[in-house]
Amino acid sequence: MSNIGLYIHVPFCLSKCPYCDFYSVKYNEETAIMYSQAVIRNIRHYLSANSSLKFDTVYFGGGTPVLLWKEICSIISELSPYLTDNAEITIEANPCCTTKEALCSLKTSGVNRISFGLQSGIDTELKALGRRHDRMTGIKAVNLAADAGFDNISGDIMLGIPLQTPDSLNETIRYMTSLPLSHISAYMLKIESGTPFASAVLNLPDEDGYADYYLNTVYNLAEKGFIQYEISNFAKRGFESRHNLKYWRCEEYLGIGPAAHSYYNGKRFGVSRDIDAFISADVQQTVITDRECGDFSEWAMLKLRLSEGIDFESASKRFGVTRDIILNKCRLIPNNLYKIDDKSIRLTPDGFLVSNAVIGIITDI
C-alpha cells in the first residue's frame, strides 16, 4: 500500500461560534482524556489490521485541537513508528487557546504545521462572528508559533461576514500578509441550517458582492506572493497543504474520531457525530457512504477545485476519457471560465466562482 493520510477529528471547543456546523462539544478534561485513549485504541486497531500502513500526512482538525495539546503529543508518540520521514503533521488552533508551552511541546513532538482560525483582522467583525480572540491576540499567537520554530503557518480569512466592507477586507488581507504566514485559506461564510446564524437577521453581501470579495482576495493575495492552488487556498511556493491535496487528488486517507470521514481501501465511510459512542466503543463504528467511489466524475470534480486542473493524460489512462471528449463538453462553457492547453484544463478565478455549474458540465460523461 502507498502512503496515506490520517485525519483525527478533535471535537472540543471552549464555546461554539454561531456560524459553525462542525461537530464539537464543550471542553472537559476528563472527557478529553477518554477521547484521546479511544483515538489511540483505534490507531492500534487499524495498524493491527494492516501493519504496512504508513502515514505521510496527519491532520488534527476540530473543534479546537490545540486545547488537547498534551494528549496530541501522546497520540503522535503512538504514531511515530508509522510516520514517513518527512510527514506533514498539522494542528488547528484558536489564537485565544494557544500558549508558548503548548507550541514548544507540539513542535518537539513532531508537529510541523499549524493552522490558525484568524478569520478577520477587524475586532468588530471578530466579535460579530462570536470569536473569542481579537486582532492583537491573533498577532501574538502567530508570532509565538514562529518563535517556537514553526515556518509552515496558515491563517483563515472569512469572506462576506457581518460588518465586512471592501475596505475592511483589504485591511484584513494586509493584516494577514504582514504576519509570518506561509499559507492562507480564504472562504465564503456559508449559513448552515441549525446554527444560530441561520435564524439571525444578518446584513450580508448579495451574489455580486460575494464575487467581488472573492476576486479581490485572489488578486491581492497573489500580489503578496500567495499563489492560489485551490478554490479557497493560497500558499507561498512549497507550502501547499499536502494533507488537503490528498482530498482534492482523490488519494486515500483514514479518519478517526466522531464525525471523521475516510476514503480507505476503495470505500468512503464516516463515523457518527457522537463522542460518547466513540469513547465507549472498542473500535469506532463506521457507516459506508460510498462503495463505488473514485470514478471519473468524482476525480474530475475534485481535481477541478485545484488550479492545476485535470491533466488529459491521467484522465485518459485512468478512465478512458480523452482530451477530445472533455473539449467537446467545454463548448457549453464561456471561455473566460477556464484555460486549456495541450496538457490540461483548469478553471480561472471567475470559473471558481461558479465552479459547481462548470464542474457539472465537464464531469457529465
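Because the structure is a prediction, the values reported are computed rather than measured. Residue numbers start at 1 and run along the sequence shown.
- Side chains of Asn86 and Thr84: a donor-acceptor N/O pair is absent below 3.5 angstrom, by distance only.
- Between Tyr264 and Tyr46, the ring-plane angle classifies as perpendicular under the 30° and 60° cut-offs.
- In this structure Phe296 satisfies the ring pair (Phe, Tyr, Trp, His ring centres under 6.0 Å) test together with Phe319, sequence neighbours excluded.
- Residues that satisfy the salt bridge (Lys or Arg N to Asp or Glu O under 4.0 Å) test with Glu78, not counting sequence neighbours, are Arg44.
- Lys246 has a carboxylate O that lies under 4.0 Å from a charged side-chain N of Asp56, or vice versa, which qualifies the two as a salt bridge.
- A distance-only check finds no donor-acceptor pair linking the side chain of Ser80 to the backbone of Ser77 [under 3.5 Å].
- Considering CG of Asp147 and NZ of Lys100, their distance stands at 8.0 Å, rounded to 0.5 Å.
- Residues Tyr59 and Glu88 have side chains that never bring a donor and an acceptor to within less than 3.5 angstrom of each other.
- Taking 4.5 Å as the limit, some side-chain heavy atom of Ile231 sits within range of a side-chain heavy atom of Tyr214.
- Rounding to the nearest 0.5 Å places CZ of Arg113 at 11.5 Å from CZ of Phe150.
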As a quick check of understanding, evaluate salt bridge (charged side-chain N to carboxylate O under 4.0 Å, His left out) for Glu29 and Lys70, giving each step before the final call.
CA-CA 11 Å; Glu29 184 177 4; Lys70 292 179 181 178; over 6 Å; no
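- Using a cutoff of 4.0 Å between basic side-chain nitrogens and carboxylate oxygens, Glu171 and Arg135 are scored as salt-bridged.
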Would Arg131 and Cys17 satisfy side-chain contact (heavy atoms from CB on, under 4.5 Å), going step by step from the backbone distance to the final call?
CA-CA 6 Å; Arg131 302 296 295 178; Cys17 296; 3.5 Å; yes
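- Pairing each heavy atom of Phe239 with each of Asp151, the nearest pair is CE2-O, 3.4 Å.
- Residues satisfying the side-chain contact (heavy atoms from CB on, under 4.5 Å) criterion with Lys339, sequence neighbours excluded, are Arg346, Thr348.
- Side-chain contact check for Ser120 and Glu125: at least one donor-acceptor pair (N or O, by modelled atom type) lies under 3.5 Å.
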Please evaluate residues Ile310 and Trp299 with respect to the criterion side-chain contact (heavy atoms from CB on, under 4.5 Å), reporting the C-alpha separation (whole Å), side-chain torsions for both, the decisive distance (0.1 Å), and the verdict.
CA-CA 9 Å; Ile310 295 174; Trp299 176 82; 3.8 Å; yes
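- Among residue pairs with one or both ends in residues 309-319, those qualifying as side-chain hydrogen bond (donor to acceptor under 3.5 Å, both in side chains) are Asp311-Ser314, Glu313-Lys317; sequence neighbours excluded.
- With sequence neighbours excluded, the residues that form a side-chain contact (heavy atoms from CB on, under 4.5 Å) with Thr165 are Asp167, Ser168.
- If you check the side chains of Asn216 and Asn220, you find a donor sitting under 3.5 Å from an acceptor.
- Under the 3.5 Å distance criterion, with hydrogens and angles disregarded, no donor-acceptor pair is assigned to the side chains of Tyr219 and Gln228.
- Partners of Cys293 by side-chain contact (heavy atoms from CB on, under 4.5 Å), not counting sequence neighbours, listed by chain and number: Tyr263, Arg268, Asp290, Glu298.
- Qualifying ring pair (Phe, Tyr, Trp, His ring centres under 6.0 Å) partners for Phe12, counting only residues two or more places apart in sequence or in other chains: Tyr35.
- Pairs engaging residues 348-365 under the salt bridge (Lys or Arg N to Asp or Glu O under 4.0 Å) rule: none recorded [sequence neighbours left out].
- Remark: Leu337 CG to Ile361 CD1 distance equals 9.0 Å, nearest 0.5 Å.
- A 4.5 Å side-chain heavy-atom check between Val111 and Thr90 finds every atom pair outside the cut-off.
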Evaluate the criterion side-chain contact (heavy atoms from CB on, under 4.5 Å) for residue pair Lys127 and Thr124; output intermediate values, then yes/no.
CA-CA 5 Å; Lys127 185 175 181 180; Thr124 53; 5.7 Å; no
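- In the model, Ser182 has a side-chain atom that pairs as donor or acceptor with a side-chain atom of Asn152 under 3.5 Å.
- Under a hydrophobic-cluster definition in which Ile, Leu, Val, Met, Phe, Trp and Tyr are linked whenever side-chain heavy atoms come within less than 4.5 Å, directly or via other members, Val39 and Ile33 are assigned to different clusters.
- Taking 4.5 Å as the limit, some side-chain heavy atom of Ile184 sits within range of a side-chain heavy atom of Thr177.
- Judged as a salt bridge (Lys or Arg N to Asp or Glu O under 4.0 Å), not a single pair has a partner in residues 191-211 (not counting sequence neighbours).
- Across every non-hydrogen atom of Ile256 and Gln284, the tightest pair is CA-OE1, 3.5 Å.
- Taking the side-chain contact (heavy atoms from CB on, under 4.5 Å) definition, one finds that Ser272 meets it with Asp274, sequence neighbours left out.
- Sequence neighbours left out, the pairs with a member in residues 225-241 that pass salt bridge (Lys or Arg N to Asp or Glu O under 4.0 Å) are Glu230-Arg305.
- Judged by distance alone, with hydrogens and angles left aside, the side-chain atoms of His9 form a donor-acceptor pair with the main-chain N or O of Tyr23 at under 3.5 Å.
- Scanning for ring pair (Phe, Tyr, Trp, His ring centres under 6.0 Å) contacts around Tyr247 gives His243, Tyr253, with sequence neighbours left out.
- Connection of Leu67 to Leu144 is established within a shared hydrophobic cluster, with ILVMFWY side chains joined at heavy-atom distances below 4.5 Å, either directly or through further cluster members.
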